[in-house]
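Down below is the structure, laid out as structure tokens.
Keep in mind that what you see is a predicted model, and the values were worked out from it rather than measured. Note that the numbering runs from 1 along the sequence shown for the chain.
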Amino acid sequence: MLVDTLLKNTIIAFSECIVQVFSLYFFGCLEIFILIFMALDHYVAICKPLHYMAIMSRRVCSVLVAVAWVGSCVHSLAQIFRVLSLPFCGPNVIDPYFCDLQPLLQLACTDTYVINLLLVSNSVAMCTVSFVMLMVSYIIILHSLRNHSAEGRRKALSTCITHIIVVILFFGPRIFIYTRPATTFPMGKMIAVFYTLGTPLLNPLIYTLRNTEVKNAMKKLWSKNMSSDDKQ
């Protein structure tokens, strides 16, 4: 997909397009599971710190990982199988720079209103419900910080705010894309580029900035640059 963003026209086989759609939904759903389980981990660590090791045991973590992978696979296959049963005819041209289900449905030679409604409802429900769950969980966590010390509140807020930023960057564009009418316009393309390329590139930076060693290294680099500028 990185190469396709630089090309005006590109060709992809139908089987490769289906694999791309499966990968897009699989890893997107997997990210949702990871964000939910991270919120659960933060809740236990902040609200029940003495029971953390007992609740988030290795066995529980293994089960959560298995649930994330199996759930993502089931969700992706359920979306793909609805499209594979459709007859397709020309013109075999889609406007976005990557394969997605809605552009593929426009190429079908039959009425896809019901299937499109099911696909969109599934995606919107999953994104919206997950986003609301995550926001409610963090409201509960932030409300519980009243009983913590100032240092404990500072550390917890640092952890939660970082995760909330990632949640908003992940769900905001997706909810917008799937709740808008199925028409193509420049802003939709820009948002699609952002959530397929921009968000994955920003996530490591956002999480890394919480690391103490990285912060200290950046402070040293900043101080070194400032001192060199003063000498000049």
Legend entry - Qualifying side-chain hydrogen bond (donor to acceptor under 3.5 Å, both in side chains) pairs with a residue from residues 47-73, counting only residues at least two apart or across chains: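 Sorted pair list: D41-Y52.
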
Legend entry - Qualifying residues under side chain to side chain donor-acceptor pair (under 3.5 Å), relative to H75, sequence neighbours excluded: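 Here no residue qualifies.
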
Cluster link [X] to [Y], ILVMFWY, side chain under 4.5 Å:
X	Y	value
V114	L86	no
I161	I139	no
I36	V60	yes
L119	Y113	no
M56	M53	yes

Inset, instruction - Can you sort out the partners of M133 under side chain to side chain contact (heavy atoms under 4.5 Å, CB included), two or more places apart, ordered by chain and number? - result: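 Partners of M133 under the side chain to side chain contact (heavy atoms under 4.5 Å, CB included) test: V129.
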
Inset, instruction - Output all residues satisfying side chain to side chain contact (heavy atoms under 4.5 Å, CB included) with I140, sequence neighbours left out; order by chain, then residue number. - result: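 Residues passing side chain to side chain contact (heavy atoms under 4.5 Å, CB included) with I140: Y43, V136.
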
Inset, instruction - Check whether any side-chain heavy atom of V167 lies under 4.5 Å from a side-chain heavy atom of M135, and answer yes or no. - result: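 Answer yes - side chains close enough.
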
Legend entry - Side chain to side chain, L77 and F22, heavy atoms closer than 4.5 Å: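 Contact flag for L77/F22 side chains = yes.
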
Legend entry - Point-to-point distance, once rounded to the nearest 0.5 Å, from CZ of F131 to CD1 of I32: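 That separation rounds to 12.0 Å.
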
Inset, instruction - Working to the nearest 0.5 Å, report the span between CD1 of I164 and NE2 of H42. - result: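 I164 atom CD1 to H42 atom NE2 measures 10.0 Å (nearest 0.5 Å).
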
Legend entry - Closest approach of G28 to F170 (non-hydrogen atoms, all atoms of both residues):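 Smallest interatomic distance, heavy atoms only, reads O-CZ, 3.4 Å.
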
Inset, instruction - Would you please test I34 and L30 for side chain to side chain contact (heavy atoms under 4.5 Å, CB included) and show each step? - result: CA-CA 6 Å; I34 291 173; L30 187 63; 4.2 Å; yes

Inset, instruction - Would you confirm whether S137, through its side chain, and L134, through its main-chain N or O, come within 3.5 Å as a donor-acceptor pair? - result: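 Answer holds: yes.
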
Legend entry - Full working for side chain to side chain contact (heavy atoms under 4.5 Å, CB included) between Q79 and V21: CA-CA 9 Å; Q79 300 287 76; V21 173; over 6 Å; no

Inset, instruction - Give the other cluster members for L50, using side-chain heavy-atom distances under 4.5 Å between Ile, Leu, Val, Met, Phe, Trp and Tyr residues; answer none if it is isolated. - result: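 Joined to L50, directly or through intermediates: none.
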
Legend entry - F33 and F37 aromatic ring geometry - parallel, tilted or perpendicular at 30°/60° bounds: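 Plane angle between 30° and 60°, so tilted.
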
Inset, instruction - Please collect all disulfide (SG to SG under 2.5 Å) contacts where either partner lies in residues 16-75, sequence neighbours excluded, each pair once. - result: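 Non-adjacent pairs meeting disulfide (SG to SG under 2.5 Å): C17-C99.
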
